[in-house]
Amino acid sequence: MQISSALTGPIVLVGMMGSGKSHLGRGLAQALGLEFYDSDTLIEEKAGRSVADIFEEFGEQKFREAEKNTVLELLEKGKCVISTGGGAVTTPETLEAIKALALSVWLRAGPEAILERLHDHGSRPLLQTPDPQKTLHDLLAAREPLYARADLTVETGGESAHAALNKLIKTLHNHLYSG
Ligand code: S3P
């Protein structure tokens, strides 16, 4: 009843910034004995710049292109856990590749939980607006239908990281071993 032996490809975590993708992704990979990859970290390593600097110097479009290439590259790695940036699913090719090649999980959190976790708006260029709360609401409204295309959904708002990780593992297990 090992999750990793039932997998046929990567597990990809999608969802809004602050939904716990990187933290839970690392924990999940450790629990399953798989490699963990964070697409933002890889983009930063390749560019030699932070995500915020890439947005500032080259703009969002270029970032999305680099993000698409990085996610496509990671999807070739076979069984592993991949955490994506919150906007990865807004690039149709990225979303379709995730749908085709991975078991995807939407880590879903409401705006209150997200804002509480994102003390450091500074590292999230899309929230550098006069009203980050409204921006977050608008982004969520636009993106929820895209996140909802993931194979599975796990609520991560309002509970401890430990509880969310257990729920994520249970959801994967039920999905892989039901029927
Ligand atoms: C973004 C989310 C960020 C990062 C970039 C854009 C977004 O990743 O990719 O700032 O569009 O929501 P996290 O979801 O890991 O914060």
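Just so you know, residue 1 is the first one in the sequence shown, and it goes up from there. Atoms within a ligand are numbered from 1 in the order they appear, just like the ligands themselves.
- Ligand 1 places these atoms under 4.0 Å from at least one heavy atom of F63: 9 (O).
- The closest protein non-hydrogen atom to atom 4 (C) of ligand 1 is D40 OD2, 3.2 Å.
- Contact analysis puts R64 in contact with ligand 1, with a non-hydrogen atom separation below 4.0 angstrom.
- S4 and K79 share no donor-acceptor pair across their side chains, judged by distance under 3.5 Å alone.
- Proximity of P125 to ligand 1 is established by a heavy-atom distance of less than 4.0 Å.
- Taking only nitrogen or oxygen atoms, main chain and side chain alike, S22 does not reach within less than 3.5 Å of ligand 1.
- The environment of NZ in K46 is crowded: more than 12 heavy-atom neighbours from other residues, nucleotides or ligands sit within 6.0 Å.
- Among protein heavy atoms, the minimum distance from atom 5 (C) of ligand 1 is reached at V51 CG1, 3.6 Å.
- The contact set between ligand 1 and K21, taken as ligand atoms under 4.0 Å from a residue heavy atom, comprises 13 (P), 14 (O), 15 (O).
- Listed by atom number, the atoms of ligand 1 under 4.0 Å from L126 heavy atoms are 7 (C), 11 (O).
- Note that NZ of K68 is 13.0 Å distant from CD of E96, once rounded to the nearest 0.5 Å.
- For the residue pair T129/T135, the side-chain donor-acceptor check at 3.5 Å is satisfied.
- The shortest N or O to N or O distance between R124 and ligand 1 is under 3.5 Å.
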>> Please evaluate residues K77 and E35 with respect to the criterion salt bridge (charged side-chain N to carboxylate O under 4.0 Å, His left out), reporting the C-alpha separation (whole Å), side-chain torsions for both, the decisive distance (0.1 Å), and the verdict.
In response: CA-CA 9 Å; K77 291 205 177 278; E35 288 293 323; over 6 Å; no
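- Within ligand 1, counting atoms from 1 as listed, the ones closer than 4.0 Å to a heavy atom of G85 are 8 (O), 9 (O), 14 (O).
- Taking the side chain as every heavy atom from C-beta outward, V154 and R108 never approach each other to under 4.5 Å.
- Checking side-chain atoms of Y147 against main-chain N and O of G86 turns up a donor-acceptor pair under 3.5 Å.
- The proximity of R143 to ligand 1, defined as any non-hydrogen pair under 4.0 Å, is limited to the side chain.
- Protein heavy atom in closest approach to atom 2 (C) of ligand 1: G86 N, 3.4 Å.
- T91 places no side-chain N or O within donor-acceptor distance of the main-chain N or O of T94, the cut-off being under 3.5 Å.
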